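Here is the structure we will look at, set down as structure tokens.
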Amino acid sequence: MKTRVITAVVALVIFIPILIAGGIWIQIAASVLAAVAASEVGLMRRTLLIDFGAVLTMLGAVVMTLPTSIWHELNLPITLQRSSLLYIFVILMLLHTVIARNKFNFEDAGVFTLTMIYVGLGFGMMVAARTAGLDTLMYAFLIVWVTDSAAYLVGRKLGKHKLTAISPNKTWEGSIGGSVIAVVLAAIYVYFFPQRYNWGIMLLISIVLSVAGQFGDLIESSLKRFYHVKDSGNALPGHGGILDRFDSMLIVLPLMYLLGVFA
């Protein structure tokens, strides 16, 4: 518990000023987090981080965090823009399946390609949300953190019905209670910090995001269960890895973008 508390305090001391500062600092943080999270998938697959496929995955995840505006500002040719680079990375991975002589196969290429998109775009949306406004990014964090914490507390106190075998400790009571409390607090938040839509629509969006955040948690739990690991990594002592801490955000932030909460 002591290690967990110390890690949380240190992380907040570093992360909160970065969130407030925004700009290049949030971009650097997102890139580092994406690279580490991508490496965690490689380690779960027992792949050396110096392996060509793992290096491409980490590089691709970082590229996916870069905002579209950067490509326009640099006036890069279309072959060097984000979507084209992703395709180039995929082609290089497929070529690696031949050169590596089955030490790197199509399954590896598929998992690493999905990782680049899932992790890279997820953290990229964190940059986009912060660019839209600190209050927008904090709205996302509020929903995720409150849902997660309230679901744990309610489930521990009232939980009787198991939610899913993927995560045996989660209960329906905790899930519903977490969403209810998160939506109530989100409703208060958007009243004082209005978002893109009116209060009623944001209330409905908050419900969707709270549920989506729980799915994000379960997706990462499914990933860990598949690879038979307890935590995605040990980057955060007492808390696990980067994926363990940002799993919900990697689903909530892209969904906020798709729903038009920020552009």
Side-chain angles (χ1 to χ4, degrees), residues 4-5 7-23 25-26 29-30 33 122-161 163 167 169-220 236 239 244-263:
R4 187 179 178 88
V5 172
T7 299
V9 171
V10 172
L12 288 174
V13 168
I14 295 173
F15 199 56
I16 289 178
I18 290 175
L19 291 179
I20 295 172
W25 297 106
I26 192 70
L33 290 171
F123 281 111
M125 290 302 162
M126 184 171 74
V127 177
R130 176 60 187 87
T131 301
L134 179 59
D135 61 319
T136 300
L137 182 55
M138 292 311 298
Y139 166 71
F141 276 116
L142 174 72
I143 289 178
V144 168
W145 288 342
V146 174
T147 299
D148 185 55
S149 299
Y152 171 76
L153 294 173
V154 173
R156 191 175 182 182
K157 189 75 174 179
L158 305 174
K160 294 181 180 179
H161 301 89
L163 181 63
S167 189
N169 292 328
K170 297 186 185 302
T171 64
W172 278 103
E173 291 83 359
S175 175
I176 295 170
S179 287
V180 169
I181 294 173
V183 169
V184 169
L185 291 181
I188 297 172
Y189 180 87
V190 297
Y191 178 81
F192 290 102
F193 300 96
Q195 299 300 308
R196 190 159 189 171
Y197 300 114
N198 63 48
W199 187 86
I201 293 178
M202 289 307 302
L203 185 65
L204 295 176
I205 288 177
S206 297
I207 295 172
V208 173
L209 295 178
S210 179
V211 174
Q214 294 188 62
F215 270 105
D217 190 334
L218 293 173
I219 288 170
E220 202 252 350
L236 301 169
H239 291 264
D244 291 316
R245 292 299 93 198
F246 288 89
D247 49 9
S248 296
M249 294 296 289
L250 294 179
I251 299 298
V252 167
L253 286 169
L255 186 55
M256 283 176 62
Y257 173 79
L258 292 174
L259 291 172
V261 178
F262 62 86

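What's counted below: heavy atoms across the whole structure, side chains too, no hydrogens, waters or symmetry copies. Here the structure is a predicted model, which is why all the values come from computation and not from measurement.
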Atom CH2 of Trp172: over 12 foreign heavy atoms under 6.0 Å: no
N/O donor-acceptor pair under 3.5 Å between Trp199 side chain and Val190 backbone: no
side-chain contact (heavy atoms from CB on, under 4.5 Å) between Gln195 and Tyr189, intermediate numbers included: CA-CA 10 Å; Gln195 299 300 308; Tyr189 180 87; 4.1 Å; yes
Side-chain heavy atoms of Leu33 within contact of Phe246, under 4.5 Å: yes
Met202 backbone acceptor or donor facing Arg196 side chain under 3.5 Å: no
Glu173 side chain to His161 backbone, donor-acceptor under 3.5 Å: yes
Nearest atoms (heavy-atom pairs only) where Leu253 meets Ala129: CD2-CB, 4.0 Å
Test log, rule side-chain contact (heavy atoms from CB on, under 4.5 Å), inputs Ser167 and Leu218: CA-CA 7 Å; Ser167 189; Leu218 293 173; 3.9 Å; yes
Heavy-atom check, side chain of Ile143 versus side chain of Val252, under 4.5 Å: no
Audit row: Ile26, Met126, side-chain contact (heavy atoms from CB on, under 4.5 Å) steps and yes/no: CA-CA 8 Å; Ile26 192 70; Met126 184 171 74; 4.2 Å; yes
Validation row: Tyr139, Phe193 side chains within 4.5 angstrom (heavy atoms): no
Donor-acceptor under 3.5 Å (Ser210 side chain, Ser206 main chain): no
Side-chain (Gln214) to main-chain (Ser175) donor-acceptor, under 3.5 angstrom: yes
Heavy-atom check, side chain of Tyr152 versus side chain of Asp148, under 4.5 Å: no
Over 12 foreign heavy atoms within 6.0 Å of OH, Tyr197: yes
Residue Phe215 excluded, over 12 heavy atoms near CZ under 6.0 Å: no
